[in-house]
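The block underneath contains the structure these notes are about, expressed in structure tokens.
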Amino acid sequence: MKSLLRALGNVFLTVLVMLLIVYGWAFLELKILLKGQPEIFGFVFYMQESDDMAPQFESKDVIIIKKGDQYKAGDIVLYFDGKDSTYKVHQVVSLSGDSVTTKCAKCTANNEAISTDNVVGRAVGKVLFMGAVVNFFKQKSVLIGIAIIGLTFLAISQYLEFKPKKKKTLEVDQN
């Protein structure tokens, strides 16, 4: 029983530490370094908020962007739209000099041309089911619940580990 509780406590504690590392890294990248998106090893992970690039990327898909990668007409890129101060993922329609024209998959008309400086990089894939996982762990109640359960298992396992043991008395036969 003790080993099962210890194992469960360690699993929850490991998940909690991993979440803290990921959230800490994202906080560092976004709030302290003032980056638009968190990045790791030259890749940016962007959560698509709309269905305008369906069927390639649905709402809540986490898209992997190769930062600064070369792109051409037909590629899907992440760029900063200065009009509404948001990041968007759209398909490149044409390139001319230092401007890029894009459009969404569901749109009939092209977007206004943007500067190539606003393009973050090219989409190279997506992480399956990660959007649902991210949305689940974004909830404060989930994070608090994981922390409470993990700390409870850890406390119980530590209590059982260091609980004073009953002394066994030996009966001596005096014959």
Side-chain angles (χ1 to χ4, degrees), residues 11-150:
V11 166
F12 278 109
L13 191 61
T14 302
V15 168
L16 182 65
V17 168
M18 289 173 57
L19 285 172
L20 288 174
I21 289 170
V22 169
Y23 276 103
W25 181 259
F27 177 81
L28 175 74
E29 293 268 317
L30 297 173
K31 302 297 183 189
I32 297 175
L33 299 176
L34 301 175
K35 292 185 177 181
Q37 301 293 328
E39 92 179 57
I40 298 175
F41 303 119
F43 290 93
V44 174
F45 298 89
Y46 173 76
M47 185 176 317
Q48 178 73 357
E49 296 295 333
S50 65
D51 277 332
D52 61 354
M53 284 305 293
Q56 293 103 332
F57 300 113
E58 305 286 338
S59 177
K60 304 302 179 205
D61 279 349
V62 174
I63 304 170
I64 303 169
I65 308 292
K66 176 71 173 147
K67 189 173 180 185
D69 203 15
Q70 297 296 319
Y71 51 90
K72 59 188 180 311
D75 286 342
I76 298 174
V77 296
L78 173 67
Y79 68 93
F80 182 75
D81 187 359
K83 281 185 173 180
D84 54 1
S85 297
T86 60
Y87 285 88
K88 294 182 180 178
V89 173
H90 285 163
Q91 188 170 21
V92 175
V93 176
S94 66
L95 300 161
S96 62
D98 62 344
S99 66
V100 179
T101 304
T102 63
K103 83 175 215 178
C104 69
K106 294 186 175 186
C107 302
T108 55
N110 295 341
N111 298 330
E112 286 186 28
I114 57 166
S115 169
T116 55
D117 294 337
N118 288 349
V119 177
V120 176
R122 181 176 61 91
V124 294
K126 68 180 174 180
V127 183
L128 296 175
F129 308 115
M130 187 53 77
V133 172
V134 169
N135 281 333
F136 180 74
F137 284 111
K138 271 186 175 179
Q139 301 173 42
K140 288 181 183 176
S141 59
V142 170
L143 294 174
I144 291 169
I146 288 173
I148 290 171
I149 291 170

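Given the structure is predicted, the values throughout are model-derived calculations rather than measurements.
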- Note on the structure: On a heavy-atom basis, the closest approach of Lys66 and Val124 is CB-CG1, 3.8 Å
- Message: Using the rule given for side-chain contact (heavy atoms from CB on, under 4.5 Å), can you reason through Lys60 versus Glu49, listing the C-alpha separation, both sets of side-chain angles and the distance that settles it, and then say yes or no?
- Response: CA-CA 6 Å; Lys60 304 302 179 205; Glu49 296 295 333; 2.9 Å; yes
- Task: Grab the two heavy atoms, one from Asp61 and one from Gln56, that are nearest each other, plus how far apart they are.
- Result: OD2-O, 4.3 Å
- Note on the structure: Closest non-hydrogen contact found for Lys103 with Thr108 is NZ-O, 4.0 Å
- Task: For Ile64 and Phe45, run side-chain contact (heavy atoms from CB on, under 4.5 Å): C-alpha distance rounded to whole Å, both residues' side-chain angles, the deciding distance at 0.1 Å, then the answer.
- Result: CA-CA 5 Å; Ile64 303 169; Phe45 298 89; 3.9 Å; yes
- Would you check if the side chain of Gln91 reaches a backbone N or O of Gly74 as a donor-acceptor pair within less than 3.5 Å? yes
- Message: Is it the case that atom CD in Gln139 sees more than 12 heavy atoms from other parts of the structure closer than 6.0 Å?
- Response: yes
- Residues passing the ring-ring contact (aromatic ring centres under 6.0 Å, His included) test with Tyr87, sequence neighbours excluded, are Phe80
- Test the Lys67-Phe43 pair against the cation-pi criterion, namely NZ or CZ under 6.0 angstrom from the six-membered ring centroid and within 45° of the ring axis. no
- Note on the structure: Closest non-hydrogen contact found for Gln70 with Arg122 is O-NE, 3.3 Å
- Message: Just verifying a value: how many Å separate Thr102 OG1 and Leu95 CG, rounded to the nearest 0.5 Å?
- Response: 10.5 Å
- Query: Using a distance-only test with no angle check, is there a side-chain donor-acceptor pair under 3.5 angstrom linking Asp81 and Thr86?
  - Reply: no
- Item | Distance-minimising heavy-atom pair for Tyr79 and Val119 | CB-CA, 3.9 Å
- Considering residues, nucleotides and ligands other than Lys83, do more than 12 of their heavy atoms fall under 6.0 Å from its NZ? no
- Message: Val44 vs Leu78, test: side-chain contact (heavy atoms from CB on, under 4.5 Å). Steps then yes/no.
- Response: CA-CA 9 Å; Val44 174; Leu78 173 67; 4.2 Å; yes
- Task: Determine, step by step, whether Tyr46 and Val120 satisfy the side-chain contact (heavy atoms from CB on, under 4.5 Å) criterion, reporting the C-alpha distance in whole Å, the side-chain angles of both residues, the deciding distance to 0.1 Å, and the verdict.
- Result: CA-CA 11 Å; Tyr46 173 76; Val120 176; over 6 Å; no
- Query: Per the side-chain hydrogen bond (donor to acceptor under 3.5 Å, both in side chains) rule, which among Asn110, Asp52, Thr101 passes with His90?
  - Reply: Asp52
- Task: List the atom of Phe57, the atom of Ala123, and the distance in Å for their closest heavy-atom pair.
- Result: CZ-CB, 4.1 Å
- Query: For the atom pair CD1 (Ile65) and NZ (Lys126), what is the distance rounded to the nearest 0.5 Å?
  - Reply: 12.5 Å
